[in-house]
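For reference, the structure is listed below as structure tokens.
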Amino acid sequence: MRILLVEDDPQLGDGICVGLKQAGHAVDWLESGRAALHTLATELFDLMILDLGLPDIDGISVLKEIRRDGKSLPVLILTARDTVMDKVEGLDSGADDYLVKPFDLDELCARVRALIRRQAGRSSALIQHGNITLDPAGHTVLLDNQAIPLSAREFNILHTLLENSGRVLSRERLEESLYGWDDPLESNATEVHIHHLRKKLGKKLIVTVRGVGYMIAKATHQPSTTPS
Ligand code: CA
């Protein structure tokens, strides 16, 4: 998933970036509210982590403005402001979650997973699609209950396609969930990853919609046994 982090503390921002990348996300990091608004006007993210005390405009103003613009991406406020009134204001301004500093990175990652899950309309932590089970927390994929090793990028593409089941995603949209600004963009990389996914998980799993993009095929059968 592609995450926008807005945080002006260099040390904290760096730590969060490293942690989220280790959890398999593509992370773009900005240090001011204006930069966040500017970027959100043109780029797509699956989630935003937003500090409130920013050097130019306050995080609450950023949040209110993007909600006014009709942007529905999940927003997690990450701040040192810890009063009940602060939390109420944050949530009522359009935040989906609120985490107070200091925090534990594992908890942040779990909240990110929960927000992405909810955005996709899912209550279960595991994504089940026919005979495939994807575990976003454990970063594992099972095919007929057998673990299938995937590269980090293959996993990300599959995860994004499964979270958007029923929708066609353009190559650009898939690439946005794969790469942060710092990562080199390889040409044809997405096609190559899709090719590998089909080889590992079945060639009918991912459908190419000519001229538009890719989508996950409708699940044809249920798993033979329920994973424990
Ligand atoms: Ca701050």
Side-chain angles (χ1 to χ4, degrees), residues 1-120 136-137 139 152 156 159-160 163 173 175-185:
M1 299 290 125
R2 189 183 187 203
I3 298 175
L4 178 64
L5 170 66
V6 188
E7 169 63 65
D8 64 320
D9 181 317
Q11 218 177 341
L12 187 58
D14 199 48
I16 296 171
C17 274
V18 170
L20 289 172
K21 281 181 183 169
Q22 271 169 4
H25 302 290
V27 190
D28 294 314
W29 173 22
L30 296 171
E31 297 178 41
S32 81
R34 257 183 244 294
L37 285 176
H38 186 73
T39 299
L40 283 164
T42 53
E43 298 198 38
L44 281 176
F45 294 88
D46 297 296
L47 181 134
M48 171 162 67
I49 297 173
L50 180 65
D51 181 22
L52 294 184
L54 293 167
D56 49 2
I57 42 176
D58 195 79
I60 291 289
S61 306
V62 173
L63 182 57
K64 284 182 175 163
E65 187 156 339
I66 64 160
R67 291 305 188 223
R68 254 199 315 272
D69 285 351
K71 293 197 182 351
S72 63
L73 83 164
V75 174
L76 182 150
I77 289 178
L78 187 60
T79 179
R81 297 180 197 166
D82 63 352
T83 69
V84 171
M85 267 179 60
D86 289 324
K87 292 177 191 169
V88 168
E89 189 192 12
L91 294 166
D92 280 347
S93 299
D96 301 277
D97 201 358
Y98 196 105
L99 187 58
V100 173
K101 298 170 184 171
F103 61 95
D104 190 283
L105 201 54
D106 286 340
E107 182 177 356
L108 176 66
C109 288
R111 284 174 185 260
V112 164
R113 285 194 295 275
L115 287 170
I116 288 168
R117 190 164 75 219
R118 225 174 294 153
Q119 178 79 351
H139 255 245
N156 261 320
H159 188 191
T160 304
E163 291 286 25
R173 168 69 181 79
E175 281 167 359
E176 277 177 342
S177 68
L178 276 188
Y179 299 99
W181 294 318
D182 299 337
D183 300 323
L185 196 71

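Whatever order the structure lists ligands and atoms in, that order sets their numbers, starting from 1.
With sequence neighbours left out, the ring-ring contact (aromatic ring centres under 6.0 Å, His included) criterion links His139 to Phe155.
For the residue pair Val75 and Arg67, the shortest heavy atom distance occurs at CG2-NH2, 3.6 Å.
The backbone N or O of Leu54 lies less than 3.5 Å from no partner atom in the side chain of Asp8, so there is not a single donor-acceptor pair. Formation of a donor-acceptor pair under 3.5 Å by the Arg2 side chain with backbone atoms of Leu44 is found in this model.
Listed by chain and number, Asp8 OD1, Asp51 OD2, Gly53 O are the protein N/O/S atoms closer than 3.0 Å to the Ca ion (ligand 1), with waters left out.
Under the side chain to side chain donor-acceptor pair (under 3.5 Å) rule, Arg111 has a single partner from Asp96, Asp97, Asp106, which is Asp97.
Counting heavy atoms from C-beta on, the side chains of Glu31 and Val6 never come closer than 4.5 Å.
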